[in-house]
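Before any comments, here is the structure.
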Amino acid sequence: MRVSAYFMPLLKENPSEAQIVSHRLMLRAGMIRQVTAGIYSWLPLGLKVLKKVEQIVREEQDHSGALEILMPTIQPADLWRASGRYDDYGKEMLRITDRHERDMLFGPTAEEVVTDIFRNAVKSYKDLPKNLYNIQWKFRDEVRPRFGVMRGREFLMKDAYSFDIDAAAAKRAYNKMFLAYLRTFARMGLKAIPMRADTGPIGGDLSHEFIILADTGESAVYCDKAWLETDVLAAEIDPAGDLEPFFQKWTSLYAATDEMHDPAKCPVPAADLVTARGIEVGHIFYFGTKYSAPMGAVVAGPNGESVPVEMGSYGIGVSRLVGAIIEASHDDKGIVWPEAVAPFRVGLVNLRGGDAKCIAASDALYATLRNAGVETLYDDRDESAGAKFAAMDLVGLPWQLVVGPRGVAAGTVELKNRKTGDREEISAEAALARLTAKH
RNA sequence: CGGGGCGUAGCUCAGCCUGGUAGAGCGCUAGCUUUGGGAGCUAGAAGCCGGAGGUUCGAAUCCUCUCGCCCCGACCA
């Protein structure tokens, strides 16, 4: 993509309303614009990242055996009356009345809708287990939205719902999601640590929060420092196999949120305990028959008896992750995108937008990169060199390929790694070989 | 939901206390000169001073009401 043809309104100064770094950088890099409190439009650059995050989430859900569906944003109040949550949910639920005076709502979550789908379609234990997920916009009318997309009122969430015949099967479903979550966040370059959590208003008896470490995180967390050296992607895991040993392994290391942590009872010696800030990016629950019983989601068991299904729900804040990734990966110049979610892999910079030789060399590199399928943002504007460097650092693409008069004369380009800052003056061929290599 | 702050040009802000023709920097447009880390000069365009009432000869400025946004706390993917 040529910058001259793109829509990427950069801001030189920090907008006054943005206080935390991810919010500032998302606004400055032209990823989002606020429409009203807690509600954002996603501009091309931001949308590209959002879709990459979404796709990784989708791939890992599919890999675990979950099935994608799409449920509506607007739901009828009657379903929530049936589960008993319509009155309980309070003002966080945005309530709407349609033209027929029917009570509707903008869904903050979808347990009721998915349970309704399930109960109407599944009648036998032979059709279990099932796990249905969707990636859809949710709305929670937070009293105080803040931190940009990290805590918006409208947000994109992946929510999955498992249905099983008994508690043992439900635990297997829980384990699948548990491991899928570890893989999902690791693929995005994040260190996400599962922490035993309160089940809160959703209820039930087993729950984990997935928290990534970032200096600007909203809550204090404590964990065994061994967590920082673990590589969850290294383990080859068959999601259809027995996952309990993996679950045991990954939950044996100490990790706790502020409210669950008791220094007096902490089993980890102080020297091995990491105290950090964290951002919650996922939350999984096993809650048994909390919804299936009141909503009549029952199946025939092996002996013909009616059994309410055992359920769990599993959420990932997809739009929040975009902000969280920036919180975890930035420097004083701007964003430092992990390769897997970077909006473009390479930023091609022509330092002399008005110079024929530089234009020819840059155009040729751009064409080669495009033909090789390398996502490239090509800054072809006639701006000063400093302005282009600053813009490219702000946007934070993993690689910068710089074409200037010096290099054109010498037959070289400069390849810069955004994360390390390392620069090399190498031939265009060598640079292309590097950028088109498998990664 | 308690406490606080702020609404003036696209962005960051001054002006308000003490009422008297609406300002700066950046950005934008045009031209010239520049060109390896947010260039310089010249000329321009750009505002219902968040909105509504009021006080006054006169309101960005004083008063009342209202809307919006942000921050701290309690709550949350």
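In what follows, chains are A, B, ... by sequence order, proteins preceding strands, each numbered from 1.
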- prompt: Step by step, would you call R153(A) with T36(A) a side chain to side chain contact (heavy atoms under 4.5 Å, CB included)?
  reply: CA-CA 10 Å; R153(A) 291 193 290 174; T36(A) 186; 4.2 Å; yes
Tell which nucleotide pairs with [N], taking only Watson-Crick or G-U wobble pairs whose two distances are both under 3.5 angstrom.
| N | result |
| --- | --- |
| rG38(B) | none |
| rC1(B) | rG73(B) |
| rG7(B) | rC67(B) |
| rU12(B) | rA24(B) |
| rA43(B) | rU29(B) |

task: On the 0 to 90° scale, with breaks at 30° and 60°, tag the Y366(A)-Y378(A) ring pair as parallel, tilted or perpendicular.
output: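 The rings of Y366(A) and Y378(A) sit tilted, inter-plane angle from 30° to 60°.
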message: Check the orientation of Y181(A) and F185(A). Use parallel for under 30°, tilted for 30 to 60°, and perpendicular for over 60°.
response: perpendicular
query: Yes or no on side chain to side chain contact (heavy atoms under 4.5 Å, CB included) for Y254(A) and L273(A), after CA distance, side-chain angles and deciding distance?
result: CA-CA 9 Å; Y254(A) 184 75; L273(A) 187 68; 4.0 Å; yes
message: Here's one to test your reading of the geometry: is the NZ or CZ of K290(A) within 45 degrees of the ring axis of F285(A) and under 6.0 Å from its centre?
response: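 No, cation not above the ring by the 6.0 Å, 45° rule.
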To the side chain of [X], which of [options] is closest?
| X | options | answer |
| --- | --- | --- |
| E414(A) | rG36(B), rA77(B), rG38(B) | rG36(B) |
| E17(A) | rA77(B), rG36(B), rU12(B) | rU12(B) |
| R406(A) | rC26(B), rC1(B), rG36(B) | rG36(B) |
| L351(A) | rC71(B), rG38(B), rG36(B) | rG36(B) |
| R144(A) | rG36(B), rC76(B), rG73(B) | rG73(B) |

query: Which comes earlier along RNA chain B counting from the 5' end, the contact point of P145(A) or that of E425(A), where each point is its nearest nucleotide?
result: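 Upstream on the strand: E425(A).
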- prompt: Considering heavy-atom distances to RNA chain B, does S384(A) or M157(A) have its closest nucleotide positioned more toward the 5' end?
  reply: S384(A)
Applying a 4.0 Å non-hydrogen cut-off, can you work out what [X] is touching in the nucleic acid: base, sugar-phosphate, or nothing?
| X | value |
| --- | --- |
| G152(A) | base |
| G354(A) | nothing |
| G317(A) | base |
| R33(A) | nothing |
| D159(A) | nothing |
| P15(A) | sugar-phosphate |
| R153(A) | nothing |
| K91(A) | sugar-phosphate |
| V281(A) | sugar-phosphate |

For [N] versus [M], give the span between their [atom1] atoms, rounded off to a whole number of Å.
| N | M | atom1 | value |
| --- | --- | --- | --- |
| rA52(B) | rA30(B) | P | 36 Å |
| rG51(B) | rG10(B) | P | 13 Å |
| rU18(B) | rU61(B) | P | 14 Å |
| rC6(B) | rG15(B) | P | 12 Å |
| rG23(B) | rU8(B) | C1' | 10 Å |
| rA9(B) | rG50(B) | C1' | 15 Å |
| rG68(B) | rC28(B) | P | 33 Å |
| rC17(B) | rA77(B) | P | 48 Å |

Between [atom2] of [N] and [atom1] of [X], the distance in whole Å:
| X | N | atom1 | atom2 | value |
| --- | --- | --- | --- | --- |
| E383(A) | rG37(B) | CD | P | 15 Å |
| E54(A) | rA77(B) | CD | P | 20 Å |
| L321(A) | rA77(B) | CG | P | 14 Å |
| E92(A) | rC76(B) | CD | P | 8 Å |
| I316(A) | rC76(B) | CD1 | P | 20 Å |
| D393(A) | rG36(B) | CG | P | 16 Å |
| L11(A) | rC26(B) | CG | P | 17 Å |
| L401(A) | rG36(B) | CG | P | 19 Å |

Between the side-chain atoms of [X] and the base atoms of [N], is any donor-acceptor pair under 3.5 Å?
| X | N | value |
| --- | --- | --- |
| E13(A) | rG25(B) | yes |
| R151(A) | rC75(B) | yes |
| K416(A) | rG37(B) | yes |

field: Distance flag, aromatic centroids of F178(A) and W250(A), threshold under 6.0 Å
entry: no
- prompt: More than 12 non-hydrogen atoms from neighbouring residues, nucleotides or ligands closer than 6.0 Å to CZ on R33(A), yes or no?
  reply: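 Above 12, so yes.
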Between [X] and [N], does any side-chain N or O lie under 4.0 Å from OP1 or OP2?
| X | N | answer |
| --- | --- | --- |
| Q34(A) | rC70(B) | yes |
| T36(A) | rC69(B) | yes |
| K12(A) | rU12(B) | no |
| S16(A) | rU12(B) | yes |

- prompt: Of the non-hydrogen atoms in K48(A) and P343(A), which two are nearest, and what is the gap between them?
  reply: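 Nearest heavy atoms, K48(A) then P343(A): CE-O, 2.7 Å.
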query: With a 3.5 Å cut-off and no angle check, do the side chains of D159(A) and Q136(A) form a donor-acceptor pair?
result: no
- prompt: Is the aromatic ring of F389(A) within stacking range of rG36(B), meaning centres under 5.5 angstrom and planes under 30 degrees?
  reply: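 No; by the centre-distance and plane-angle rule, F389(A) does not count as stacking on rG36(B).
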